[in-house]
Asker: 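The structure under discussion is supplied below as structure tokens; questions concerning it will follow.
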2 protein chains.
Amino acid sequence: MKTDLATANPRKTPRQRRSAVLVEAIYEAGARILETEGLAGLNTNRVAAVAGVSVGSLYQYFPSKEAIVAGLLRQSRQDLLDGMRQVLAASEGEPFEVVVDRLLGVAARGQFDRPNLARTLEYAEGMLAIDEETRALKTELAEEIAGFLERHGISRPLIAAWDLISLVRGLIDAAGLRGETDAADVQSRARSAVFGYLEKMRIAG
Amino acid sequence: MKTDLATANPRKTPRQRRSAVLVEAIYEAGARILETEGLAGLNTNRVAAVAGVSVGSLYQYFPSKEAIVAGLLRQSRQDLLDGMRQVLAASEGEPFEVVVDRLLGVAARGQFDRPNLARTLEYAEGMLAIDEETRALKTELAEEIAGFLERHGISRPLIAAWDLISLVRGLIDAAGLRGETDAADVQSRARSAVFGYLEKMRIAG
DNA sequence: CTCAGATGCGAGCTTTTACTCATATTATCG
DNA sequence: CGATAATATGAGTAAAAGCTCGCATCTGAG
């Protein structure tokens, strides 16, 4: 638990194809373990075993087990941010409600298929030394959303963005945990919460 | 990580005062560690050290480290459930909005002062073998809220209860994590989300 | 084909951690 | 008090986990 930043970043980057494959296998093994057993079940020996590689190879590219988790978190955040930006870019001139719903769709898709993984990764942030870049992705996402909200007359847009992100995450996460499978239904309830919140904010803010 | 139920429950109950004090010290030490270093930072040796007792004593009352976390989770849930029930019992005939706001206050108070602890405990449920009784507390809470919602004409009350609980938790949790200190402001935003959601649900349900 | 650099390996060393047990101290009650 | 039950202790053990290092194998440029 003493992990500082130096040990939470990749050690070296793969140059040949086989090493890229190896790194990918490690990430997937890590994800699977986090998904089924959580942070506490993740150890380098097991990751290596599940990935079908040796511990030594693992340590060629990951200086610590935290680095694996950090990498997964970064990927997950980057994907979400990219998805959101794509929606926003492709939705110029569209009605507010439509855009919000599309954003919601991106969020739901990213979280609902592997809810345990998503939850563990988010939880991990508070416990690990995560590099600034990965942390920044979270802020970037909020700012992206905030900009969009501001353009549509929502007051305190940054606060609202944070609130909406965390509230939607909480709702979807819990639904996944309970074993709900109807993503459309969950999304529609999340929509209610989001629009409800926004309406109140338009008046009160 | 193999912990089954037998090992996640208290070993024996304190009979004298000194042992009750000891157990209390262990819980508080556990809470402090979870708060600052998360689940991964919790180990029996450290808990004992922080509590100022010996490992041997710890194992007199806790069969495993999981039992400490399980106990903390149970307490936290019991407190929340009690608080909610008290509000509901004391609010017969009060307007819906007032009661909701009081419930929100209970939730916020229980979560906002030690957000890291609250988050870790909730996360822990998925990773540990928690006794049925503690698990049931979660359901009881949802059902309590659901009953209240149903009496006020909310459709799909149980789903709505789950959604509201998790959405409020997500929102408050994130606010605490970001270091917000104005509990009243957070609560008022949570109120917006809750009423917003409920209004949509009254129509759509 | 060759060879230097890149990659892969896994036995094994070290540290951490869960947990026990023999022993010592303290409370309670007659 | 004195005796018995309750409680507290912490050195010690076994298992798990983090991580290294010397050596084997592969790849691609020339």
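Below, read A as the first sequence line, B as the second, and so on, with proteins coming before strands; counting in each chain starts at 1. What you see below is based on every heavy atom in this structure, not just the backbone, and it leaves out hydrogens, waters and symmetry mates.
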Asker: Of A:Q78, A:R77, A:R85, which meets side-chain hydrogen bond (donor to acceptor under 3.5 Å, both in side chains) against A:E140?
Answerer: A:R85

Asker: Can you pull the salt bridge (charged side-chain N to carboxylate O under 4.0 Å, His left out) pairs that have at least one residue in residues 165-176 of chain A, sequence neighbours excluded?
Answerer: A:R119-A:D173, A:E122-A:R169

Asker: Parallel, tilted or perpendicular: which one describes the rings of A:F148 and A:F96, with boundaries at 30° and 60°?
Answerer: parallel

Asker: Any pair with a residue in residues 44-58 of chain B that passes salt bridge (charged side-chain N to carboxylate O under 4.0 Å, His left out), sequence neighbours left out, goes on the list, sorted by first then second residue, please.
Answerer: B:E37-B:R46

Asker: Please report, rounded to the nearest Å, how far the P atom of C:dT15 is from the CG atom of B:N45.
Answerer: 16 Å

Asker: Which comes earlier along DNA chain C counting from the 5' end, the contact point of B:Y59 or that of A:S54, where each point is its nearest nucleotide?
Answerer: A:S54

Asker: Decide whether B:S76 and B:D79 meet the rule of one side-chain donor and one side-chain acceptor closer than 3.5 Å.
Answerer: no

Asker: Kindly state which residues belonging to residues 14-22 of chain B come within less than 4.0 angstrom of DNA chain C, counting heavy atoms of the residue only, listed by number.
Answerer: B:Q16, B:R18

Asker: Could you measure the distance from the OH atom of B:Y197 to the CG atom of A:L171? Nearest 0.5 Å is fine.
Answerer: 6.5 Å

Asker: What integer distance in Å separates B:L58:CG from C:dT20:C1'?
Answerer: 13 Å

Asker: Give a yes or no on whether a salt bridge exists between A:E28 and A:R114, defined as a side-chain N under 4.0 angstrom from a carboxylate O.
Answerer: yes

Asker: Mapping A:G56 and A:L42 to their closest nucleotides on DNA chain D, which lands nearer the 5' end?
Answerer: A:L42

Asker: Give the rounded distance in Å between these two atoms: CZ of A:F62 and P of C:dG8.
Answerer: 12 Å

Asker: Provide the start and end nucleotides, 5' to 3', of the part of DNA chain D that has atoms under 4.0 Å from heavy atoms of chain A.
Answerer: D:dA17 to D:dT27

Asker: Calculate the interatomic distance between A:Q60 atom CD and C:dG5 atom P; express it in whole Å.
Answerer: 16 Å

Asker: Can a side chain N or O of B:T44 be found less than 4.0 Å away from OP1 or OP2 on C:dT17?
Answerer: no

Asker: With sequence neighbours excluded, give me every salt bridge (charged side-chain N to carboxylate O under 4.0 Å, His left out) pair touching residues 14-25 of chain A.
Answerer: none

Asker: Determine the contact category for A:N43: base if any of its heavy atoms lies under 4.0 Å from a base atom, sugar-phosphate if only primed atoms, P, OP1 or OP2 are that close, otherwise nothing.
Answerer: sugar-phosphate

Asker: Please enumerate all residues that pass ring-ring contact (aromatic ring centres under 6.0 Å, His included) together with B:F112, with sequence neighbours excluded.
Answerer: none

